[in-house]
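First the structure, in the form of structure tokens, and then the observations on it.
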Amino acid sequence: MIYGAGALGSFLGGMLSRQHEVTLVGRAGHMDAIQRQGLHISGQTELVVHPAVATMLPNAGADLVILTVKAYDTAAAARDLKNAYTAPVLSLQNGLDNEQILSEILGERRVIGGVTSHGLRYLEPGHIEHTGTGDTLIGELDGSHSERIEVIAGALSDCGVATAISRDIWREIWRKAIVNAAINPVTALLRCPNGFLLEQEYTRRLMEQVCNEGGAVARANGIEVGDVLAQAKLVARRTAGNHSSMLQSLQRGQPTEIDHINGAIVSRGEKHGIATPVNATLTQLVRAMEEKPLLPQEGTGHSTAAEDR
């Protein structure tokens, strides 16, 4: 089951549904369109599939729950799942807090960590665009190598979502959070696709500053993230045409995950006495934009509405 089936969740569920029974749980308009005409995936992947859909957790059990809700909905989702299922929960979300929150509510044994850098965009109900290929990594939170990890990684890979197993998934979660911190708020504030960040000296410098601050905070928390700037540039290049989830949230007037990405880096830096002025500034600017919706693009008279997850 995919819980939170917007663009990413629909992509994962759609790919898995070619070989497995999958239920997408998401918003009514999107689910209704899929039920009527199937899920259309276009772009890097061209596919029409017909998974089962629901707008609430179905009563039937599940072998695995893949969680793709926004980070600010993680606690509520965990409470929903706690009494409904006993299946393991694989988080493929943005942010630094999700696995900890899930573990506190569900118990660490039920939680599997994961990251993915595929670029996805919601175009209209029943139709998502795969804008860029990426890497997917999953792993047990305690670093062990389990049979269930093998089964899940194999199922995803067999269905076209190449998935590797990490024995240090916390490192990968930190790396992804810093990459997101370097890409998402800057693209959201500039209203630009990811690839634009590589074209300008100013945005490249911002990416570097965010990564330097994030790396310092990670090290203070016992995590060595390596050359995360190179990873951020790779992701921006691979998803050059994608509009980040944060930009899409601002465009449709919804909350962003800024507090769980840049904001989380800032708060963790404060605990260790590490200054993070660039991340702090980006956090404050995005929060301000949440209060003041984006103006229409010049000459269009309207802003683009899109849903990421």
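When atom types are taken as modelled, the side chain of S267 and the backbone of A264 share a donor-acceptor pair closer than 3.5 angstrom. Counting only distance, with no hydrogens or angles, the side chain of R110 and the backbone of A87 share a donor-acceptor pair below 3.5 Å. Checked by atom type and distance alone, the side chain of Q248 never pairs as donor or acceptor with a backbone atom of R121 at under 3.5 Å. A donor-acceptor pair is defined here as one N or O able to donate and one able to accept, closer than 3.5 Å; such a pair exists between the side chain of H30 and the backbone of G126.
Closest approach of A181 and L282 over heavy atoms only: O-CD1, 4.3 Å. The two residues S17 and P51 have their closest heavy-atom pair at CB-CB, 4.0 Å. Contact detail for L229 and C211: the closest heavy-atom pair is CA-SG, 3.8 Å. For the pair L206 and V278, the tightest heavy-atom approach, listed with the atom from each and the gap, is CD2-CG1, 3.9 Å. Shown here for G4 and T68, the closest heavy-atom pair between the two residues is O-OG1, 2.7 Å. Residues A220 and H272 share a closest heavy-atom pair of O-CE1, 3.3 Å.
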**Asked** L92 and L67: side-chain contact (heavy atoms from CB on, under 4.5 Å), yes or no, with the steps?
**Response** CA-CA 6 Å; L92 286 171; L67 190 64; over 6 Å; no
**Message:** Using the rule given for side-chain contact (heavy atoms from CB on, under 4.5 Å), can you reason through I128 versus H40, listing the C-alpha separation, both sets of side-chain angles and the distance that settles it, and then say yes or no?
**Reply:** CA-CA 6 Å; I128 63 171; H40 181 197; over 6 Å; no
**Message:** Pair R268, D97 - check salt bridge (Lys or Arg N to Asp or Glu O under 4.0 Å), show working.
**Reply:** CA-CA 11 Å; R268 283 162 172 76; D97 307 319; 3.0 Å; yes
**Asked** Checking salt bridge (Lys or Arg N to Asp or Glu O under 4.0 Å) for the pair D142/R109: CA distance, chi angles, key distance, verdict?
**Response** CA-CA 9 Å; D142 63 3; R109 179 57 191 156; 5.5 Å; no
**Request:** For the pair H118 and R238, evaluate side-chain contact (heavy atoms from CB on, under 4.5 Å) and give the outcome as yes or no after the intermediate values.
**Result:** CA-CA 8 Å; H118 284 276; R238 284 181 173 178; over 6 Å; no
**Asked** Could you go step by step and tell me if L39 and V48 meet the side-chain contact (heavy atoms from CB on, under 4.5 Å) rule?
**Response** CA-CA 5 Å; L39 171 65; V48 177; over 6 Å; no
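Under the 3.5 Å distance criterion, with hydrogens and angles disregarded, a donor-acceptor pair is assigned to the side chains of E290 and T256. With no hydrogens or angles considered, no side-chain donor-acceptor pair links S166 and D168 at under 3.5 Å. When only modelled atom types and interatomic distance are considered, Q37 and H50 share no side-chain donor-acceptor pair under 3.5 Å. A side-chain donor from one of Q93 and T74 sits under 3.5 Å from a side-chain acceptor of the other. A donor-acceptor contact under 3.5 angstrom links the side chains of S42 and H127, judged on distance only. Between the side chains of T163 and T136, not a single donor N or O lies within less than 3.5 Å of an accepting N or O. Checked by atom type, the side-chain pair T239/N194 shows a donor-acceptor distance below 3.5 Å.
Grouping the Ile, Leu, Val, Met, Phe, Trp and Tyr side chains by contacts below 4.5 angstrom, directly or via other members, places Y72 apart from L81. L198 and L190 fall within a single hydrophobic cluster, where Ile, Leu, Val, Met, Phe, Trp and Tyr are joined by side-chain heavy atoms under 4.5 Å apart, directly or via other members. Hydrophobic clustering (ILVMFWY, side-chain heavy atoms < 4.5 Å, transitive): V266 and L189 are in distinct clusters. Residues L47 and M31 fall within the same hydrophobic cluster, defined by Ile, Leu, Val, Met, Phe, Trp and Tyr side chains chained together at heavy-atom separations under 4.5 Å.
Between T187 and F196, the closest side-chain pair of non-hydrogen atoms is not below 4.5 Å. Inter-residue side-chain proximity for L64 and I152 is flagged as met; some heavy-atom pair is nearer than 4.5 Å. Contact of the I34 side chain with the L24 side chain is registered, since non-hydrogen atoms from C-beta on lie closer than 4.5 Å. Using a 4.5 Å heavy-atom cutoff, the side chains of V111 and P88 are not in contact. A heavy-atom distance below 4.5 Å is not found between the side chains of I261 and L96. Residues E99 and I169 have side chains not in contact (no heavy-atom distance under 4.5 Å, counting atoms from C-beta outward). The side-chain heavy atoms of K70 and S245, taken from C-beta on, include a pair separated by under 4.5 Å. Taking 4.5 Å as the limit, some side-chain heavy atom of I258 sits within range of a side-chain heavy atom of P185.
The CD1 atom of I183 sits 9.5 Å away from atom CG of N242, with the distance rounded to the nearest 0.5 Å. One distance of note links CG of L156 with CD of Q19; it measures 10.5 Å at 0.5 Å rounding. Distance check, rounded to the nearest 0.5 Å: CD1 of I41 to CG of L123 gives 11.5 Å.
When the shell of 6.0 Å around CD of E46 is examined, it contains more than 12 heavy atoms from other residues, nucleotides or ligands. Other residues, nucleotides and ligands contribute more than 12 heavy atoms inside 6.0 Å of the CD atom of E224. Residue D32 qualifies as enclosed at atom CG: its count of foreign heavy atoms under 6.0 Å is above 12.
Of the charged side-chain nitrogens involved, at least one lies within less than 4.0 Å of a carboxylate oxygen, so that D259 and R287 count as a salt-bridged pair. Between E172 and K176 no salt bridge is recorded (no basic side-chain N to carboxylate O distance below 4.0 Å). Taking 4.0 Å as the cut-off between side-chain N and carboxylate O, R148 and E140 count as a salt-bridged pair.
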